[in-house]
Every structure is written in structure tokens, then in C-alpha cells.
2 protein chains.
Amino acid sequence: MAKFKLDDTDHKILDMLIDNTRTPFTDIAKKLLISAGTVHVRVKKMEEAGIITGSSLSLDYKKLGYAFIAYVGIYLEKTSQTQFVLNRINEIPYVTVAHVTTGKFNLFCKIRAKDTDHAKNVIFQLDDIDGVYRTETMISLEESLNDKKRLMKSIFDEMTS
Amino acid sequence: MAKFKLDDTDHKILDMLIDNTRTPFTDIAKKLLISAGTVHVRVKKMEEAGIITGSSLSLDYKKLGYAFIAYVGIYLEKTSQTQFVLNRINEIPYVTVAHVTTGKFNLFCKIRAKDTDHAKNVIFQLDDIDGVYRTETMISLEESLNDKKRLMKSIFDEMTS
DNA sequence: GGTGAAAGCACCGAGTT
DNA sequence: AACTCGGTGCTTTCACC
């Protein structure tokens, strides 16, 4: 888990790829005044180092009829059940991410559903897992994703300062 | 925001691209026993319809020294300040996503930081925003992302049933 | 660690069925 | 809507710096 050394060029390559993984390496090369081969080698190295773990499509879930987002906090009967419950949670496809947390809840997850009825169904599934004592739901009325470029820039500035 | 009609072929194309946006269309074509041109046309249509909104790199933030994740619930003095505070929140690069919510909190966000010290700093920034009455933090000890393919499959099964 | 050129493919539009 | 096909341009490798 050691920090990996990224130089200015790596950073600029990531910056151009982060919001469009299909940006041609030739375009990147032109902009950075290096050869396309170099871009290729550097991307490959970042992949091998595990910095770049993959590339994923961004889909508009609203257009697919899945506009409902909620966060569900989960209280367990005993913390020793954490792993078991986490495994059960991850079997539910409508749970997009789950966390083991400190604070109020033992577990915490984000769900994506069609509508309130569907969400109710998912939450009932969560409630029904053995060891779950109680759940608490927060419904998202509006989601605003932050720019990944901004975070990258901060991480990079931090590295080089 | 109407549902878009995706057939089995579209679904299979998305399925192959969702975890690797650089999968060659010729590979997809071979697997689906259609021509690469058809794959191209269908992807383009899904882009035009706004189903596919983009593609993004997945990075290992732990390897970049940003292993700390927390969720912060925000109580406002007045709900009329929601938009103002949301805008301020989105200026902080370490906030990766923010939501307007019902339930306990008025706003809810996810932060990514280097360590507890850094997180403290980010949370103090949130606390300092005009109109924020109080915040409540849940620290993630472990994050487990769910497979996007599984959600896609469920969405698709639902569409065709 | 970078280059530039060359070979191999992929992309993508035009024309056809 | 889907296919084929060809021009264009991207990727990837390799000998060399």
C-alpha cells in the first residue's frame, strides 16, 4: 500500500483519461509533446502498479428507470456478525456499496432502486438478514457528484509539495 | 427521463464494456456473433440517447495515499440554505459525492482523505460553512463495492420480464 | 525513459440488402 | 437494422538514442 511515484506527465495522462478512458493516446501525446509510445508505456506501468485498476462505463440510471437512491444504516445485534451480514448485503444487486463503519451504525450501505416501492422491498431484505437488529434510511432527493479531476489535482499537488 | 428500450444485444454490449471500456468492438462482435459495425452503431445510439454518459478510470486511492473514507451527515440551521451549502460543499475536492436528503440530515456527503488528521480538516471545513448547524461523521473501516454487472443484470431482467 | 517508424488492428461511415 | 468493406487513424512493439 505504499505510495507510488507519479510524475507530472503521469498526472497529466491520468487527468486526460479520468473522464474519458477512450481518449486516444495520440491526442494525449500531442498535448503533452511526447510520443504515443511513451503514453502507452506509462499507462501500462500504472496499470501494473495497480494505480489504474480498470475503466468503467458511466450510465444514466435515471434513464434506465432507476432514479431512487438511499443510504441505509444498519445496527447489528452483535458486532461479531459483521462479516456474515456484509456478505449477505453484497448478494443484493441493488446495494451498490457497503461499508463497515464506526459511529452510530455497524454497517452502512447505498442502494439504488426503481422507486419507493422497490426501495422498500430492498430495505426489507436488509432488515431480514440474520443478525440485523434495526435499519435507518436516508433518502437522497438529489445527488451531486464531484469532479474527479479536482480530487486528482489535490492528490497530485499534495504529492509534489 | 423515460425508460430507453434496450434489447438483449445492447445489454450484452454494456455488460462487456462496463468493466472494461477499452474492450475492442471486434471482440464484442465475435462473442455476440454480429459485426463490429453493428456494435459501433449500437454503442453510438446508447451514447446519443444518454444511457452511456461517459467512461471513467478506476484508481486505487489507497495506493495514492488516500485510504480514508467517511460519510458526513449535515444539519442545517434552515433548509432554505440547502443549495448554498451544497455549492460550498462541492468546492471541496475531498468530497466525492453530496446528497440532499430526507430523514435525520439535510445534507449528506462522502469524503476521501489521507488519514484521520486530514479528514478532521475536511470535516472542520464542512462545519465552517455558513448555515451548517452541526455535522455527524461515520468512518468507514472497510469498503466493499458491489459488482456493477449484477445491478445491470437485474435492471435488464426487470425490463424484459 | 524516451523516440519514430512500421505493422497490425480497430474504428466508423458509405453503400447494399 | 444489420452487413460488408475500405480508408483513416490508433495502438503497440522494437531497434536505437
Side-chain angles (χ1 to χ4, degrees), chain A residues 2-60 63-65 149 152 155-157 159-161, chain B residues 2-60 63-65 149 152 155-157 159-161:
Chain A
K3 277 200 208 181
F4 183 81
K5 271 198 176 308
L6 294 180
D7 66 13
D8 195 51
T9 305
D10 291 323
H11 169 243
K12 283 175 181 156
I13 291 171
L14 286 181
D15 202 57
M16 289 191 73
L17 286 173
I18 200 155
D19 284 332
N20 180 7
T21 59
R22 280 188 182 264
T23 308
F25 290 0
T26 45
D27 284 7
I28 299 175
K30 251 176 263 167
K31 197 149 183 180
L32 306 191
L33 305 175
I34 55 178
S35 75
T38 302
V39 176
H40 177 240
V41 168
R42 281 176 175 261
V43 168
K44 214 168 161 190
K45 274 188 187 158
M46 290 190 278
E47 280 168 354
E48 278 160 8
I51 299 283
I52 297 174
T53 56
S55 59
S56 75
L57 274 195
S58 313
L59 301 178
D60 185 335
K63 287 227 169 78
L64 292 168
K149 282 196 185 184
M152 269 306 297
I155 290 176
F156 181 70
D157 287 348
M159 275 182 169
T160 49
S161 65
Chain B
K3 277 202 210 181
F4 184 82
K5 270 199 177 306
L6 294 180
D7 66 12
D8 194 51
T9 305
D10 291 323
H11 168 243
K12 284 175 179 155
I13 292 171
L14 286 181
D15 203 57
M16 289 192 73
L17 285 175
I18 201 155
D19 284 333
N20 180 9
T21 58
R22 280 188 183 263
T23 309
F25 290 2
T26 46
D27 285 7
I28 298 175
K30 252 177 260 169
K31 197 151 184 177
L32 306 190
L33 305 174
I34 55 178
S35 75
T38 303
V39 176
H40 174 237
V41 168
R42 282 174 177 262
V43 168
K44 210 169 161 194
K45 274 189 188 158
M46 290 190 277
E47 281 169 353
E48 278 161 8
I51 298 285
I52 297 174
T53 55
S55 59
S56 74
L57 275 195
S58 313
L59 301 178
D60 185 336
K63 288 227 169 78
L64 293 170
K149 282 194 183 183
M152 268 308 295
I155 290 177
F156 181 70
D157 287 349
M159 274 181 171
T160 51
S161 66

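All values below were derived from every heavy atom in this structure, side-chain atoms included, with hydrogens, water molecules and symmetry-related copies excluded. By convention in this document, chain letters (A, B, ...) are assigned in the order of the sequence lines, proteins followed by strands, and residues within each chain are numbered from 1.
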May I ask you to say whether B:Lys31 pairs ionically with B:Asp27, meaning some side-chain N is under 4.0 Å from a carboxylate O? no
B:Met46 CE to C:dC12 C1', straight-line distance once rounded to whole Å: 16 Å
Those residues of residues 15-25 of chain B lying under 4.0 Å from DNA chain C by at least one heavy atom: B:Pro24, B:Phe25
Which residues, if any, of residues 33-42 of chain A bring a heavy atom under 4.0 Å of DNA chain D? A:Ala36, A:Gly37, A:His40
Between atom NZ in B:Lys45 and atom C1' in D:dA1, what is the gap in whole Å? 6 Å
Would you say that B:Leu64 contacts A:Met159 through its side chain, given a criterion of any heavy-atom pair below 4.5 Å between the two side chains? yes
Can you check whether B:Lys12 reaches B:Met16 side chain to side chain, under 4.5 Å on heavy atoms? no
Whole angstrom is fine here: how far is it from CD in B:Glu47 over to P in C:dC11? 12 Å
Taking atom P of D:dC10 as reference, at what distance in whole Å does atom CG of A:Asp27 sit? 6 Å
Under-4.0 Å side-chain N/O to phosphate OP1/OP2 contact, B:Lys44 with C:dC11: no
Integer-rounded Å distance: D:dA1 P and B:Asp10 CG: 10 Å
Which residue, A:Ile13, A:Ile34, A:Thr9, forms the side chain to side chain contact (heavy atoms under 4.5 Å, CB included) with A:Ile28? A:Ile13
Which of parallel (below 30°), tilted (30 to 60°) and perpendicular (above 60°) describes B:Phe156 and B:His11? parallel
Going by heavy atoms in the side chains, are A:Leu17 and A:Thr23 under 4.5 Å from each other? yes
Can you find a heavy atom in the side chain of B:Val39 that is under 4.5 Å from one in the side chain of B:Leu32? no
Can you check whether B:Leu6 reaches B:Leu14 side chain to side chain, under 4.5 Å on heavy atoms? yes
I'd like to know if the side chain of A:Thr53 and the backbone of B:Ser58 have a donor-acceptor N/O pair within less than 3.5 Å. yes
For the pair made of CD1 in B:Ile13 and P in D:dA2, what is the distance, rounded to whole Å? 9 Å
Mind checking A:Thr26 for me? I need base, sugar-phosphate or nothing, with any heavy atom below 4.0 Å counting as a touch. base
Figure out the CD/C1' separation between A:Glu48 and D:dT12, and round it to whole Å. 14 Å
Taking CG from A:Leu32 and C1' from C:dG1, how many angstroms apart are they, rounded to a whole number? 15 Å
